[in-house]
Amino acid sequence: MQTNRLSGIFGFLTLFFFISSVIIGGLLNQDFDHYTHIISDVYSPDSTYGKYIAWFGFIPTGISVILFAYFTRLQTENLWFRTGMVLFGYAYGLGTIITALFPCTDGCVLMLLDPTPSQIIHQISRFLTYTLTPCAILFFAVGCYEYEERFLQQKSIVLGVLLAIFSAYFLFKEDLNWIGLFQRIIELLIMLWVAFISIHYYNISKQENITLPKS
């Protein structure tokens, strides 16, 4: 199967697993508020269905991201393009898996007096994810410029800059009243970027499959 088609397929799977996990996880937790709770709360140890949401929702999301990044990076030999996709696969894909495997045990608060190992791993992974993901998207944008992929370049620059701004505010402003809303905006920007790339390369694969009628 064509690598651009696989890029699109795994991008669509990323969107499906992530969006459905957030929605279903929120519905299964009666006290969950998308405006004030971060996404990690849906699979916390205190949640009745937390481990199921983690194993059947967020871990498949991370795996799909890694495969999406792998097949997308094969579209060109450009170093910036490939570096951006590899970094995205590690930062967001592997980061999603790690945070799901090591949930916050006492709320995702940075300044705990006696944090558990799971809490520490989760917080480090979350910090690296939201720090490196904007860098990955901007690296990808530079690669698109050299690769002469103007459509993806423009989208990546806008989304990457916005993501960097919101991520910085989210990470260093722990007392946000609407911290959940800020995180949803961050994730929306990432999912939009994945969607643009997935649609772009899936459409290319469809065009390549079109056979001209014989004369």
Side-chain angles (χ1 to χ4, degrees), residues 10-69 87-134 136 163 166-167 169-195 198:
F10 284 112
F12 296 143
L13 285 174
T14 295
L15 298 172
F16 169 76
F17 280 120
F18 180 80
I19 294 172
S20 60
S21 298
V22 173
I23 293 174
I24 293 173
L27 291 174
L28 292 176
N29 289 272
Q30 295 181 349
D31 298 329
F32 188 82
D33 185 347
H34 285 284
Y35 291 99
T36 58
H37 287 80
I38 61 175
I39 294 172
S40 301
D41 290 338
V42 301
Y43 55 83
S44 68
D46 296 333
S47 173
T48 305
Y49 303 98
K51 61 180 180 180
Y52 301 107
I53 298 298
W55 280 97
F56 298 107
F58 289 100
I59 291 177
T61 297
I63 294 172
S64 298
V65 169
I66 293 172
L67 292 172
F68 160 76
L87 184 58
F88 181 72
Y90 279 112
Y92 193 75
L94 186 60
T96 299
I97 294 173
I98 292 174
T99 53
L101 290 174
F102 299 94
C104 291
T105 52
D106 192 21
C108 288
V109 181
L110 285 176
M111 302 302 292
L112 285 177
L113 296 177
D114 189 21
T116 63
S118 179
Q119 186 97 16
I120 295 172
I121 294 171
H122 185 98
Q123 295 290 19
I124 292 174
S125 179
R126 183 180 73 161
F127 179 81
L128 292 175
T129 296
Y130 288 133
T131 302
L132 297 177
T133 299
L163 182 60
F166 278 98
S167 294
Y169 204 73
F170 174 77
L171 289 173
F172 298 106
K173 191 72 173 175
E174 281 285 318
D175 59 341
L176 281 173
N177 292 328
W178 302 97
I179 191 170
L181 179 60
F182 265 81
Q183 191 184 32
R184 300 310 180 279
I185 294 173
I186 291 170
E187 297 294 345
L188 174 62
L189 294 172
I190 297 172
M191 290 301 117
L192 280 174
W193 184 71
V194 171
S198 302

Query raised in the report: What distance separates I38 CD1 from S44 OG, expressed to the nearest 0.5 Å?
Result: 9.5 Å
**Report entry** Rounded distance (nearest 0.5 Å) linking atom CD1 of I120 with atom OG of S125
**Finding:** 13.5 Å
Report summary line: On a heavy-atom basis, the closest approach of F58 and T96 is O-CG2, 3.3 Å
Query raised in the report: Are any of the side-chain heavy atoms of T48 and L28 separated by less than 4.5 Å?
Result: no
Query raised in the report: Could you walk me through whether H34 and V22 pass the side chain to side chain contact (heavy atoms under 4.5 Å, CB included) check?
Result: CA-CA 9 Å; H34 285 284; V22 173; 3.7 Å; yes
Report task. Verify the neighbour count for atom CZ of F32: are there more than 12 heavy atoms of other residues, nucleotides or ligands below 6.0 Å? Result -> yes
**Report entry** For E187, all residues meeting side chain to side chain donor-acceptor pair (under 3.5 Å), sequence neighbours excluded
**Finding:** Y92, Y130
Report summary line: Heavy-atom nearest pair, P134 first then T129, reads CD-O, 4.4 Å
Query - From L192 atom CG to L163 atom CG, the distance as rounded to the nearest 0.5 Å - result: 11.0 Å
Requested in this report: Give the minimum heavy-atom separation between I59 and I97, together with the two atoms involved.
Outcome: O-CG1, 3.9 Å
Query raised in the report: Looking at NE2 of H37 and CD1 of I179, how far apart are the two atoms once the value is rounded to the nearest 0.5 Å?
Result: 11.0 Å
Requested in this report: Look only at the side chain of N29 and the backbone of D31, and say whether a donor-acceptor pair between them is shorter than 3.5 Å.
Outcome: no
Report task. For the pair W55 and L101, evaluate side chain to side chain contact (heavy atoms under 4.5 Å, CB included) and give the outcome as yes or no after the intermediate values. Result -> CA-CA 8 Å; W55 280 97; L101 290 174; 3.8 Å; yes
Report task. Check whether any side-chain N or O of T61 sits under 3.5 Å from a backbone N or O of G57 as a donor-acceptor pair, and report yes or no. Result -> yes
Query raised in the report: Between H122 and F102, is the ring centre distance below 6.0 Å?
Result: no
Report summary line: Shortest non-hydrogen pair, F127 vs T131, comes out as O-OG1, 2.6 Å
Report task. Please check if atom CZ in F12 has more than 12 non-hydrogen atoms from other residues, nucleotides or ligands closer than 6.0 Å. Result -> yes
Query - Single hit among F170, F172, Y169 for ring-ring contact (aromatic ring centres under 6.0 Å, His included) with F182 - result: Y169
Requested in this report: Calculate, to the nearest 0.5 Å, the distance between atoms CD and CG belonging to Q183 and D41 respectively.
Outcome: 8.5 Å
Report task. Side-chain contact test, heavy atoms from C-beta onward, threshold under 4.5 Å: evaluate it for S118 versus P103 and give yes or no. Result -> yes
**Report entry** Exercise: identify the closest heavy-atom pair between G89 and I66
**Finding:** O-CG1, 3.6 Å
Query raised in the report: Between W193 and F88, does the ring centroid distance fall short of 6.0 Å?
Result: yes
Requested in this report: Taking all heavy atoms of F10 and all of L67, pick out the closest pair and write down the distance.
Outcome: CE2-CD1, 3.3 Å
Query raised in the report: OG/S21 to OH/Y43 distance, rounded to the nearest 0.5 angstrom?
Result: 10.0 Å
